[in-house]
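Just so we're on the same page: letters track the sequence lines, and every chain starts at 1. Below, all heavy atoms of this structure are taken into account, side chains as well, without hydrogens, waters or symmetry copies. Quantities reported herein were computed from a predicted structural model and do not represent experimental measurements.
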There are 2 protein chains.
Amino acid sequence: MQKSEHDCIKLVPLFDHLPDEDVDKIEAIITHKHYAAGESLFLDGDDLDTLMIVANGQVKVSKIAANGREQLLYLLQTGDFDGEGALFQDKTHTSSAVALIPTAVCQISRKNFQKLLSQSPSISMNLINEFGQRISSLEKRTTEAATESVEARIGSYLVETGASLDKDTFKLPIKKKDLAIYLGTTPETVSRKLTDFESKGWISQGPQKQIKLLDKDALVLLD
Amino acid sequence: MQKSEHDCIKLVPLFDHLPDEDVDKIEAIITHKHYAAGESLFLDGDDLDTLMIVANGQVKVSKIAANGREQLLYLLQTGDFDGEGALFQDKTHTSSAVALIPTAVCQISRKNFQKLLSQSPSISMNLINEFGQRISSLEKRTTEAATESVEARIGSYLVETGASLDKDTFKLPIKKKDLAIYLGTTPETVSRKLTDFESKGWISQGPQKQIKLLDKDALVLLD
DNA sequence: CGCTATGTTGATTCTTCTCAAGTGCCGTGG
DNA sequence: CCACGGCACTTGAGAAGAATCAACATAGCG
C-alpha cells in the first residue's frame, strides 16, 4: 500500500480525530480507484452503494432538471466526499459525477460503512456534523438562488471563493461555462457581469481566469 | 405525563424502531412546550442548543436573504424536526421559525442528545438517514430554483402537494403569499399563473384555496 | 498549425418583478 | 348583529433583468 492511499483517510474531516485502531479498521475496508479527466464516476440512476471520498483531484457533481438543463451541485475537492444521504437505503444516485482533472478516490461499500458506523460512534458524530454543514450550505444556496439577482450571486461567489482560498487574487476553479451552470445562469451573463464589475473597479481580470478582488464589500452588498 | 407528550417520540421517524429501553431513555430527557399561532419559536441568530420536534401543529421556518427578502425553507408538520446540522458545535440558528397554528413541540438539549447518540447507534443511523433525505430534497429544490421557470415551479409544487396528500383535489396548506415566498416569486405572479393554468384547463380553483388538478402531465412538463 | 470548445459582444425578446389600484374576506369591537 | 379595519388576493400597466440568438474572437489541444 502506497503512501498516497493512506492519505484519503487522513484527508477527510469525516475521519478526523480518530484513534489509531479506528484508522486501521477503515484502512482495511477501503478500495482505491483512479479516474482520468473527463471520466465519469457515476450517472444519475446508477446504484448507490458506496461512499466515495476524493483523495486527490476535482469532481463535478451535477443533476439534470426536468427541462433538460444541467445544474451543478457540488465541486468536490480533495477531502470531500459523496454518497448522498441514501447510504442506508437501497437507492440510486440522483445526480451524475465527472472527474474534471485526474482524480483518485477511496471507496467504502455501504455494508462495510454501516458496520463501521455502528462500531464507532465518533465517526457517526463526524458524519452527522458534516451532513449538518452541508444542509446549512444548501439552505443558503436555495435562499440565494430564489431571492437574489444573478449579479448578486456572482458577487457572492467571487468573494466566497476568494475567502475559501484565503486570497484576493485567484484563478477561477472551474470554467466560466460551468460557473454559469452552478449559479443558474448563462455564460453570456457571467461574462457581461464580470466586465461590468471590472468597469466599476470592483475586480480586475487577468489572463487565464485570474480574478483579483478589489472591493469585496461592493460585491457582497449587491442586490 | 399525558398521553400527548409520549406521542412526539412515537411520531418521529427519528425514533422509530427503537427498543423500549431506548424510548424510556428519551422520555426522560425531553421537555415539552406549546406555542400559539403566530408565536416565534426561534429567531435567526438565537443560540442553537436544542433539537426541536413538532409533536403537533405547523411551523414555518424561513431565512432572510442579504437583500432583505424572505425565503421559506421548510414547513414543519407533525413529526418533523429541526435543529439544523449544528447540533454538535456551538452555533446559532441561521433561520427563524414561527408557529402557524397552535403547536406543541418536544425539545432535547444538545448535551443530552449527544449522549443519547453515543449510546444508541440506531438513533444515529436514523438521524443520518433523515439528514440524507433532507439533503436530497434540498438538492432537488436548488436545482429547480436555479434552472426552472416560475411557471414550472408552481406546476411541480401543485402536483407534488397533491401527491403527498394523495388527492387530486386539496386545499393549499399555506397562504398564497407564503407559497410565493416558498417558490421564490411574488404573490402577483402566483395569482396570475394559477388563473392561467385554469384557463388552460389544467386545474380548477374553488373557494378557500381549493385546487383541483385536471392535467398533471401538463403541469409537470412545464419548462 | 488548424480545429473545436470556450468565451465575448451586440441586438432582440420574453419572463417576471414592481408599483398601483381595487376587491373581497374575516375577525374585532361597538 | 353590523360596521369597520386590516390583510390577503387579484388585475392592470410599465419597467427591468436576464435569456436567447447570432456573429465573432480566443484559447487549448492534437
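Sequence neighbours left out, the pairs with a member in residues 141-162 of chain B that pass salt bridge (Lys or Arg N to Asp or Glu O under 4.0 Å) are K140(B)-E144(B), K140(B)-E160(B), E151(B)-K193(B). Listed by first and then second residue, the salt bridge (Lys or Arg N to Asp or Glu O under 4.0 Å) pairs that reach into residues 172-181 of chain A are K60(A)-D178(A), sequence neighbours excluded.
The salt bridge (charged side-chain N to carboxylate O under 4.0 Å, His left out) test applied to K212(A) returns no partner, not counting sequence neighbours. For T189(A), the side chain to side chain donor-acceptor pair (under 3.5 Å) test picks out T186(A), with sequence neighbours left out. Looking at residues two or more places apart in sequence or on another chain, you find no ring pair (Phe, Tyr, Trp, His ring centres under 6.0 Å) involving F170(A). Not a single side chain to side chain donor-acceptor pair (under 3.5 Å) links D223(B) to another residue, sequence neighbours left out. The side chain to side chain donor-acceptor pair (under 3.5 Å) test applied to E198(A) returns Q205(A), not counting sequence neighbours. Not a single ring pair (Phe, Tyr, Trp, His ring centres under 6.0 Å) links Y35(B) to another residue, sequence neighbours left out.
In this structure, the separation between CG on L222(A) and CD1 on I154(A) is 9.5 Å, given to the nearest 0.5 Å. Here OG1 of T161(A) is found 8.5 Å from CG of L213(A). Values are rounded to the nearest 0.5 Å.
Residues Y182(B) and Q71(B) have side chains that never bring a donor and an acceptor to within less than 3.5 angstrom of each other.
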Using a cutoff of under 3.5 Å, can you pull out all pairs of nitrogen or oxygen atoms linking the protein to nucleotides 28-30 of chain D, with atom names and distances?
from, atom 1, to, atom 2, distance (Å)
dG28(D), OP1, Q208(A), NE2, 3.3

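An end-to-end axis angle of 40° holds for the helix from dC1(C)-dG30(D) to dG30(C)-dC1(D), taken from five base pairs per end and rounded to 10°.
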- Yes or no on side-chain hydrogen bond (donor to acceptor under 3.5 Å, both in side chains) for S96(A) and S62(A), after CA distance, side-chain angles and deciding distance? CA-CA 5 Å; S96(A) 305; S62(A) 59; 5.6 Å; no
- Query: Once each nucleotide of nucleotides 9-24 of chain D is scored for protein heavy atoms under 4.0 Å, what B/S/- sequence comes out, 5' to 3'?
  - Reply: SSBBB----SSBB---
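Nucleotides of DNA chain C lying under 4.0 Å from heavy atoms of chain A occupy a range whose first and last members, 5' to 3', are dT6(C) to dA11(C).
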